[in-house]
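Structure first, commentary second.
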Amino acid sequence: MPPRIVTVRQNILKANDHTAAENRAAFRAAGVRAINLVSSPGAGKTALLERTLRDLGSELRLAVAVGDLATENDAARLRQWGAQAEQIVTGTVCHLDAAMVQGVLPRFDLSALDVLLLENVGNLVCPSSYDLGEAARAVLISTTEGEDKPLKYPTMFNTADVVVITKMDLADAVEFDRALCRENIDRARPGVPVIELSSKRGTGLDAWSAFVRGERF
Amino acid sequence: MHEASIALSLIDVAREVLREHGAARARAVTVRVGQWSSVVPEALEAAFPACAEGTPLEGAHLSIVRVPGVGECPNHGPVELDVTRGLRCPLCDAPTPTLLQGDELELDELELT
Ligand SMILES: [Zn+2]
């Protein structure tokens, strides 16, 4: 038989998107706001999550699922604040995908939660391809990373619902150019809201808390 | 790098198509990768042969069509974007928040045997 060429035109990640839609439906049914946090390694995701659990833990029922390559340090660190934190060990995979999140969901009682924070693996490239079923995606960039990050990794910023500039307490020390960073963020994702904060000093957290609640900020 | 994960998903989608067509193997596969898709074509090319081993796509030739980003400029209509300038019109710098194309990651064609 001669070779046949068939036109397929199918999204390669359709299986992930399908599972993400199932996750999204489960979150919606339980009234849970799921937030996907992505950043480079060391941008301060875990510090911001600790701060979030501490500041909002008495007001909202929060839990965290943490994607990590191997160790369980981040989840253990987060449990100190009294919230349920579950580890998703991704092995050699450098991002969370919808199936990994679906796999960890049975460990949570979604009906007893308001917000589920999904801490993605530290990586500014790979997570952007994978919808987890989240309601909102927060991209974190620290003042120590350089103002050009948004243009080096435009696809990650292009999927952000909010961009959070972390470690503002170090801005002066590293001569962070705030205007240039915001300009580059706006190039990568025109109109995206930006929050500047310091988890350490506790500045800028009102806007972040409003985002976590799903309110305008 | 997540291109190995992408290659495995590509092979899964391709196997499904082979089943639907009652075909045993594919000898060539064409993929469309948008400039804004966060997939590096060279890395996908490098990851594919090993991922395809032992599957009906083993030895298949992978062609990657790179799809440039196109945004909608309020002044110039559809414009091809320059990834280093972000989502801004390369002619007038106006924001072009919506991608008309360039975020795709698609299995385009399969050559069945
Ligand atoms: Zn223009």
Side-chain angles (χ1 to χ4, degrees), chain A residues 1-19 38 67 90-100 120-121 123-131 139 148-160 163 181-192, chain B residues 1-14 16-18 20-40 43-44 69 71 81-89 93-99 102-113:
Chain A
M1 202 168 71
R4 286 179 293 156
I5 295 184
V6 295
T7 301
V8 183
R9 279 288 166 107
Q10 283 185 25
N11 178 2
I12 289 172
L13 293 177
K14 65 178 187 166
N16 184 77
D17 291 351
H18 179 80
T19 306
V38 295
T90 61
T92 58
V93 179
C94 51
H95 56 268
L96 289 177
D97 66 28
M100 294 177 198
N120 219 311
V121 181
N123 181 335
L124 265 186
V125 182
C126 312
S128 64
S129 299
Y130 292 88
D131 183 8
V139 174
D148 57 347
K149 266 275 168 74
L151 291 179
K152 279 193 188 156
Y153 301 95
T155 57
M156 181 54 81
F157 287 84
N158 184 34
T159 58
V163 176
C181 188
R182 292 186 76 117
E183 153 81 17
N184 288 341
I185 290 168
D186 198 65
R187 280 184 175 277
R189 175 72 154 160
V192 71
Chain B
M1 287 317 219
H2 63 315
E3 278 74 11
S5 302
I6 302 284
L8 292 170
S9 299
L10 162 64
I11 290 163
D12 284 344
V13 175
E16 204 179 297
V17 176
L18 292 177
E20 283 165 12
H21 287 79
R25 308 182 60 82
R27 93 161 59 165
V29 49
T30 307
V31 169
R32 286 162 53 84
V33 175
Q35 205 176 9
W36 255 265
S37 70
S38 83
V39 170
V40 179
L44 181 57
L81 299 168
D82 170 358
V83 77
T84 61
R85 294 165 62 96
L87 292 177
R88 293 283 184 99
C89 174
D93 215 37
T96 59
T98 311
L99 274 175
D103 59 353
E104 45 279 273
L105 181 57
E106 289 175 345
L107 170 55
D108 190 21
E109 281 183 354
L110 276 177
E111 188 179 321
L112 313 178
T113 55

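The structure presented is a predicted model; accordingly, all values stated were derived computationally and were not measured. Letters A, B, ... are given to chains in the order of the sequence lines, protein chains preceding strands, and every chain is numbered from 1.
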Per-residue contact mode, [X] against chain A (heavy atom under 4.5 angstrom):
X: B:S37; value: backbone
X: B:D103; value: neither
X: B:E16; value: side chain
X: B:V83; value: both

Exercise: identify the closest heavy-atom pair between [X] and [Y]:
X: A:V6; Y: B:V17; answer: CG2-CG1, 4.0 Å
X: B:H2; Y: A:V125; answer: CE1-CG1, 4.3 Å
X: A:D186; Y: B:R88; answer: OD2-NH2, 3.4 Å
X: A:P190; Y: B:P97; answer: CG-CA, 4.0 Å
X: A:I12; Y: B:V31; answer: CD1-CG1, 3.8 Å

ask   = Is there a donor-acceptor pair under 3.5 Å between the side chain of A:R187 and the backbone N or O of B:R85?
value =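 Pair found, side chain donor or acceptor close to backbone of B:R85.
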request  = Might you work through the side chain to side chain contact (heavy atoms under 4.5 Å, CB included) test for B:V13 and A:L13, ending with a clear yes or no?
outcome  = CA-CA 9 Å; B:V13 175; A:L13 293 177; over 6 Å; no
Counting only heavy atoms closer than 4.5 Å, note whether [X] contacts chain B via side chain, backbone, both or neither.
X: A:A188; value: backbone
X: A:Y153; value: neither
X: A:N16; value: neither
X: A:K14; value: side chain
X: A:N11; value: both

task = Please round to the nearest 0.5 Å and tell me the distance separating atom OG of A:S129 and atom CG of B:L105.
result =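 The CG atom of B:L105 is 6.5 Å from OG of A:S129, to the nearest 0.5 Å.
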task = Measure the CZ-CD distance between A:R4 and B:E111 for me, rounded to the nearest 0.5 Å.
result =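 Output value for this atom pair is 11.0 Å.
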Minimum side-chain heavy-atom gap [X]-[Y] below 4.5 Å:
X: A:R9; Y: B:D108; result: yes
X: A:V93; Y: B:S5; result: yes
X: A:N158; Y: B:L99; result: yes

task = Considering only heavy atoms and a distance below 4.5 Å, find which of B:P95, B:S9, B:A14 pairs most often with chain A.
result =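 That would be B:S9.
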